[in-house]
Structures are given as structure tokens and as C-alpha cells.
Peer 1: 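There's a structure below that I have some questions on.
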Amino acid sequence: MLFTSLLILAAVGLAFGFWFWWACATPTSTFFRPVLVRGPQDGKRITLTFDDGPAPTFTPQILDILREHGVPATFFVCGKNVERYPELLRRIVAEGHAVGNHTYSHPYLFFKSRRRMAEEIDRTQSVIENCVGFRPEIFRPPYGSRWFGLVPTLRERGMHLVMWSATGYDWKKDASGITAAALRELEPGAVLLLHDGHETRGESETDRSQTVAALSRIIKDARERGYIFAPLKEFLPAG
Ligand SMILES: [Zn+2]
């Protein structure tokens with residue numbers, strides 16, 4: 001009897017653990033809401049997002065490709081990288097792309113206090129404002145990690161939580177793998193995640209050449225399938 005009870009307790013604990021992990025760490029989880037995971041399913045609009053920049057080698061290469069194809073994108077930048085490369089953020093904005101907040105130092109948000117999360121967000125808002133004169137209204141958590149208190153912190157600042165519904169897994173795949181994965185995950189309303197920059201812990205730049213190599217192909221193939229690259233703001237609630 002005791003054994004059975006313990007077994008049931010362990011099973012319930014394990015199930016809760018898995019659910020909790022899904023809620024806090026899976027990009028498409030809607031446990032913390034309001035959240036944008038994907039846009040409207042009507043039509044064939046998709047949107048392109050780049051995280052962790054700006055970075056000196058790869059952000060300009062990505063901007064060149066986007067300009068060549070006339071594709072709008074959103075760059076979720078880290079405050080620390082904006083301080084290092086402010087001219088790159090100015091170029092992102094000058095070329096008509098949107099900017100989002102991706103924290104200052106790119107920490108996991110698990111177990112972080114509300115104050116600590118607010119510091120990361122506010123410091124980055126200030127760095128961005130000092131650089132380009134406005135404060136972003138969108139936020140994406142590093143590693144997709146969310147925690148209690150994040151949504152109210154964003155709400156106080158009039159900011160939207162933005163996740164993603166598709167990715168090329170460009171932190172671990174080569175160009176052909178990135179292209180295949182990104183195209184496989186596309187669907188109407190897809191928010192596609194790629195990376196132009198690097199986490200802020202190291203000084204050396206993470207190699208994003210495979211993302212750069214995949215990008216033109218992703219854009220061309222997506223358009224051949226009838227998808228339209230839309231600005232992220234079309235996917236956000238009006239007002
Ligand atoms: Zn990131």
C-alpha cells in the first residue's frame with residue numbers, strides 16, 4: 001500500500017516536473033501570457049527575427065541580404081552588445097527593421113527575482129533609447145526562458161512578450177540543415193527565429209556564417225511556397 005502510494009506520488013511529481021518545464025522553457029508554451037508565439041493563420045504571412053546581436057561581422061552581412069531581397073525583420077538585441085556596437089543598431093533602424101529587447105546580459109530568467117528581470121529589461125531599454133531614440137515595445141527572453149513576474153514586469157512597461165514558432169536551429173546546424181529545418185517549420189503566421197549575434201559572456205564573436213549562408217535560400221524558398229515576409233508588428237494586437 002505504502003509502495004503503491006509512493007509510486008503514485010513519484011509519477012505525479014514527475015508529470016508535474018515535465019509540465020512545469022514545458023511551461024517555463026518551451027518556446028511555444030502559452031502558460032505565461034499574453035504572449036505572441038505565432039501570428040494570424042489567415043493568408044501566408046510569416047516574420048523573420050534575429051536574436052543576440054548586434055555583432056560586427058554577421059549583422060552587416062544579414063542586413064545586406066535582407067536589403068537585397070527587400071525583407072523586413074526584427075532584431076532582438078542585447079543591451080551589452082548595443083553598447084559595443086551602437087552604429088550597427090543605428091543601421092538596423094535606418095534600414096527599416098524593428099528592434100526588440102533581449103535583456104542586457106543574456107541570462108536565463110529561471111528563478112530570477114522580479115527586480116533582477118526589471119533591471120535587465122530597463123537597462124537595455126535605456127541603452128537602446130540612448131542609441132536610436134526610442135524604447136522597444138517587444139521583449140524576447142534569452143533561451144526562451146520565462147519566470148514568474150516576467151509578464152507583469154512587461155505589462156507595466158507596455159511591452160509584449162514575443163516567442164517563436166519556427167527556427168533553423170542555427171546554434172547547432174550547418175547551412176543546409178538550417179535551411180531545411182526553417183522551411184520544414186514554416187506555416188502561416190510563423191515567427192521564425194535565427195541568430196545574428198552571440199551571447200554576451202565571451203568577447204569573441206560566435207560564428208554565424210552558416211546562418212548567413214542559409215538566409216537567401218530560406219527567403220527564396222519561402223517565397224516560392226507563397227509566403228510573404230511581414231513586419232512583426234502586423235502580428236501584435238492593435239493599439
Ligand atoms: Zn538569445
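In listed order, ligands and their atoms are each counted from 1.
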Peer 1: Salt bridge between Arg140 and Asp52, side-chain N to carboxylate O under 4.0 Å?
Peer 2: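 So Arg140 does not pair with Asp52 through a salt bridge.
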
Peer 1: Can you pull out every ring-ring contact (aromatic ring centres under 6.0 Å, His included) where at least one residue sits in residues 23-48? Sequence neighbours excluded, please.
Peer 2: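 Found Trp19-Phe31, Phe32-Phe148.
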
Peer 1: For Tyr104, is the NZ or CZ atom of Lys80 found under 6.0 angstrom from the centre of its six-membered ring and inside 45 degrees of the ring axis?
Peer 2: no

Peer 1: Please determine whether Cys78 has a backbone or side-chain N, O or S atom lying under 2.8 Å from the Zn ion (ligand 1).
Peer 2: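 No, Cys78 does not qualify, because none of its backbone or side-chain N, O or S atoms lies under 2.8 Å.
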
Peer 1: Please determine whether His195 has a backbone or side-chain N, O or S atom lying under 2.8 Å from the Zn ion (ligand 1).
Peer 2: no

Peer 1: The criterion is salt bridge (charged side-chain N to carboxylate O under 4.0 Å, His left out); which residues satisfy it with Arg115, sequence neighbours excluded?
Peer 2: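 Partners of Arg115 by the salt bridge (charged side-chain N to carboxylate O under 4.0 Å, His left out) criterion, ordered by chain and then number, come out as Glu119.
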
Peer 1: Return the name of the atom in Asp52, of element N, O or S, nearest to the Zn ion (ligand 1).
Peer 2: OD1

